[in-house]
Amino acid sequence: MSTRLSQLFVRTLREDPVDAEVASHRLLVRAGYIRRQAPGVFAWLPLGLKVRRKIEAIIREEMETAGAQEVHFPALLPREPYEVTGRWEEYGDGIFRLQDRRGADYLLAPTHEEVFTLLVKDLYSSYKDLPLSIYQIQDKYRDEARPRAGLLRGREFTMKDAYSFDYTDAGLDVSYMKQRDAYERIFTRLGLEYVIVQADAGAMGGSRSEEFLHPTPVGEDTFVRTDGGYAANVEAFTTVAPEARSYEKLTPAEVLATPDTPTIATLVAVANEKHPRPDGRAWTAADTLKNIVLALKHLDGKRELVIVGLPGDREVDLKRAEVAFAPATVEPATAEDFVKFEADGDKPGLVKGYIGPWSPEGAMLGEDSATGIRYLLDPRVSDGSGWITGANLAGHHVFGLVAGRDFGSDGTVEVAEVLVGDPAPDGSGPVELARGMEIGHVFQLGRKYAEALGLKVLDENGKLVTVTMGSYGIGVTRILAVIAEANNDEKGLIWPKNVSPFDVHVIAAGREDVVYEVAEDVVASLESAGFDVLFDDRPKVSPGVKFGDAELLGVPQIVIVGRDAAGGVVEHWDRRTGARTPVDVASIATAIG
RNA sequence: CGGGGCGUAGCUCAGCUUGGUAGAGCGCUCGGUUUGGGACCGAGAGGUCGCAGGUUCGAAUCCUGUCGCCCCGACCA
C-alpha cells in the first residue's frame, strides 16, 4: 500500500496552536492528526485514524488471546439501568444527559458496566455458560469539569472496556489475571513504559484493583514505589502504624501559653523558645498533632463535620481524603461551620489554630465528646505517643498529651499526604514518589453490579448464585497521546514502529525527472515487500519543507531520493537517531527490513 | 466552583492606551523564477474585529452586559 502526500487529507501547521500546551497535543494538532471540535472533543484526520487503528488492532489481538469476545454497545443509553445502580445520581454533573421527544431520560454512557451486566443476564442463566469475557472498543462521554491536555483528558474518548463473568471467586481471579497478562503484553507491544500499582478499590466493594500507570511528568496520578518492588497509587497507600507504647512512665500533660501560634511553624518556634524539651532535642513539626476540620458532603446531601488528627509535618491529601470518605465528597470547613462550636465565655470551644482533642473540661473531639464531632486519627498517632496539640483556648497548647491515656478517637483514617521516605506497608523499604498517567485499570468488581441488576445463574447444585464480575479498561485515545508524549523531539513526533501511521516515508527531494522516476521505483519495491508507504511526491515543494514535514509527521523510517538518485543511491534516514545512510536502490527493502 | 489570561483573515499575531476607510507574517489562488533544511518576484482571494446594548457625527478601540475559549487549582469509573 502507498499514499501520496499530495493526495492525503492533511495540512501541517508551521506554528504551534495557541491552545495546546503539552507536547502530544501540540504535535498531534500541528502534524494534522486531530482537530479540536469543542473542549475535550476532537475530530480524527486520516493520519490520526491510522494510528488509532493500529493501537486498536494490537488490543483486539491480545483480547482474542485472552479469550475475550468483542461486542458493541451504543453510546446512547436509557436512564433506567444507571438508575438501578445509583450511578445516575452518583455521577452528578459528570455525565451528559439528554431527553428524547417524549421527555424520556437518556445519557451518553460514561462507562458500560450496567448494560454489559444486563446483556449477560438477558442471555445466560447457567454456570455452564461461565466464565465469559466480553469487551468493546467504544467512545465514552464524561462531562469533565476541566478537559485538558488534548487527548489526555477529553470529554469524548475511546476506551476498550472488558468485563468478565464468573460464578466463583477463584474463577474471577483467573479471569482477572488473563486480562492483567493481556495488558502487560499490550503495553509491551506498544513500547509503553508502565508500572502496575495498587489502586483504590474503594466504595465499589471490589477486592482487587490495579492501575497501569505510565510514568510521566504530565501524569495526573501520584504513585509510590520502592526498590523492593512495592508500587501503589498514593490513594491506595496504607500507613505503617507504630506499635502501641506503654505510657505508664510518661509525665502528665500540661497546658502552656503559646501566644500567636496559629500555624504549626509558629507553634514549633514558640515551643522551642519558651518551653524547650527537657532532653535538649528541639521540637519539630512531627511532635505536634494537627487537627483539621473537614466537611463531608454525603450522597443524600447531608453535610457532616469531621476532624482528623495527624502529625503536624503532614498536610491532608484531599485525594486520599476523598477515597477515605467515599462516596461522600470532601471540602475544607468554612467559617460558618465553626460558628456553632465557638468558645463561649469560660467554656472552651473550637478556636481556629488551637483545636485539640482535650480540654481541662474533658474530651472535646469525638462522637461522645462535648462537640460531638467525629474525630479520626492518622495511624501514626498510636497509643502511647505524646503530642503538642491545641488546648481549645486561644494562645494555649497542651504539651505531652498522650494518645490512649489523655484522649481517644472514633477510629483511624488515611488522609495524610504520603512523603518520600515513608515505609512501604509490605516492608520493602522507603518509598519514592512519581507522577504517572493512568493508561489501564483492572478491577475486580465482585458482585456489586450483578447484585443490583439481578444477574444470577444456577450452579452445579441447582442453586441460584450471584455472578461475580471484573472490569478492565484501557484508554485507547489516551494511549495514543501518551505514546506521542513519550516519543517526540523539538522537530516533531517519532512513532514507535508498531503504531506508526506508515512504515516508511519516501521523500522525492529534487526537481529532476530522474528523482521522481527513482522514487516511484523505490515506492513500488517497498510496497511489494509489504510496506505501507507514505510518498511525498509534491512536485513544487522544496526539500527543506519536505524534510520538516517528515520530521513533524514522525514516521520512524524515511527514505530520501535525491541528488544521488541517478546513480541508483538513496538515503535511509532514521527519524529517531537522525542517522542517514546511503543505500543502493536495489536493496532498499532489506535496508528498511 | 476559585484564580489568571484571551476572543481581530484558515494559522500565529499587531492595531485598542489617545475613537476617524481593517493590518502583517505564514497558508491559499494565478503567472514567472527557484529546488538537499521551512526560497523569491508580481498579481489576487479571504475578516458581521465573539455577541448584544449603550456613549458618540463616527466604535475593533470607550462603557455595561453576555457568551465562549485557554492555563493553574478543585473535581475526575
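Just so we're on the same page: letters track the sequence lines, and every chain starts at 1.
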Report task. Considering only atom C1', compute the distance from B/rG23 to B/rU66 and round it to an integer number of Å. Result -> 28 Å
Report task. Would you please confirm or rule out a distance under 4.0 Å between OP1 or OP2 of B/rA39 and any side-chain N or O of A/Ser542? Result -> yes
Query raised in the report: Quantified in whole Å, what is the P atom distance between nucleotide B/rG53 and nucleotide B/rA59?
Result: 13 Å
Report summary line: Contacts of A/Asp313 meeting salt bridge (charged side-chain N to carboxylate O under 4.0 Å, His left out) (sequence neighbours excluded), chain-then-number -> none
Report task. Pick the P atom in B/rC63 and in B/rC76, then give their distance to the nearest Å. Result -> 40 Å
Query raised in the report: If we call it a pair only when both distances are under 3.5 Å in a Watson-Crick or G-U wobble match, what pairs with B/rG65?
Result: B/rC51
Requested in this report: Can you tell me, in whole Å, how much space there is between the P of B/rG7 and that of B/rG44?
Outcome: 31 Å
Report task. Measure the distance from CG on A/Asp16 to P on B/rC70 and round it to the nearest whole Å. Result -> 17 Å
Report summary line: From CG of A/Leu552 across to P of B/rG27 the rounded distance in Å is 15 Å
Query raised in the report: Considering only the P atoms, how many Å lie between B/rU34 and B/rA22, rounded to the nearest integer?
Result: 41 Å
Report summary line: A correct 5'-to-3' footprint of nucleotides 71-76 of chain B, with B, S and - meaning base, sugar-phosphate only and no protein heavy atom under 4.0 Å, is SBBBBB
Query raised in the report: Looking at the side chain of A/Arg35, which of B/rU35, B/rG36, B/rC11 is the nearest nucleotide?
Result: B/rC11
Query raised in the report: Are A/Phe187 and A/Phe212 an aromatic pair by the rule of ring centers under 6.0 Å?
Result: yes
Query raised in the report: In the structure shown, which nucleotide is the Watson-Crick or G-U wobble counterpart of B/rG2, with both distances under 3.5 Å?
Result: B/rC72
Query - Side chain A/Glu571 and base B/rG36 donor-acceptor under 3.5 Å - result: yes
Query - Pairwise P distance, B/rU56 and B/rA45 [rounded to whole Å] - result: 38 Å
Report summary line: Here the distance between atom P of B/rG10 and atom CZ of A/Arg36, to the nearest Å, is 15 Å
Query raised in the report: Do the side chain of A/Arg320 and the main chain of A/Ala416 share a donor and acceptor less than 3.5 angstrom apart?
Result: yes
Query - Length of the line joining A/Arg511:CZ and B/rU35:C1', which is rounded to integer Å - result: 6 Å
Report task. Taking only the side-chain heavy atoms of A/Arg14 (C-beta and beyond), determine which of B/rC26, B/rU12, B/rG36 contains the nearest atom. Result -> B/rC26
Requested in this report: Answer yes or no on whether A/Arg97 is positioned over the face of A/Trp88, meaning its NZ or CZ is under 6.0 Å from the six-membered ring centre and within 45° of the axis.
Outcome: yes
Report summary line: Per atom distances to the A/Val545 side chain, the nearest of B/rG27, B/rG38, B/rU34 is B/rG38
Query raised in the report: Between B/rU35 atom C1' and A/Ile560 atom CD1, what is the distance in whole Å?
Result: 14 Å
Query raised in the report: With sequence neighbours excluded, what pairs up with A/Ser587 under the side chain to side chain donor-acceptor pair (under 3.5 Å) test?
Result: none
Query raised in the report: In whole Å, what is the span from the CG atom of A/Leu27 to the P atom of B/rC11?
Result: 19 Å
**Report entry** Atom pair distance, as rounded to whole Å: CZ in A/Arg30 and C1' in B/rC26
**Finding:** 12 Å
**Report entry** Contacts of type salt bridge (charged side-chain N to carboxylate O under 4.0 Å, His left out), residue A/Asp221, not counting sequence neighbours
**Finding:** none
Query - Whole-Å C1' distance, B/rG25 and B/rU61 - result: 23 Å
Query raised in the report: Between B/rG36 and B/rG50, how far is it from one P atom to the other, in whole Å?
Result: 44 Å
Query raised in the report: Can you tell which of B/rG27, B/rG36, B/rC11 lies closest to the side chain of A/Arg563?
Result: B/rG36
Query raised in the report: B/rC40 pairs with which nucleotide, Watson-Crick or G-U wobble, both distances below 3.5 Å?
Result: B/rG32
Query - Pairing nucleotide - B/rU17, Watson-Crick or G-U, each distance under 3.5 Å - result: none
Query raised in the report: Between B/rG38, B/rG36, B/rG25, which nucleotide gets closest to the side-chain atoms of A/Asp549?
Result: B/rG38
Requested in this report: Return the set of residues passing salt bridge (charged side-chain N to carboxylate O under 4.0 Å, His left out) with A/Arg60 (not counting sequence neighbours), or none when no residue passes.
Outcome: A/Glu56, A/Glu70
Query raised in the report: For A/Ala579, what residues pass the side-chain contact (heavy atoms from CB on, under 4.5 Å) criterion, not counting sequence neighbours?
Result: A/Thr577
**Report entry** Electrostatic pair A/Glu451:A/Arg447 at N-O distance under 4.0 angstrom
**Finding:** no
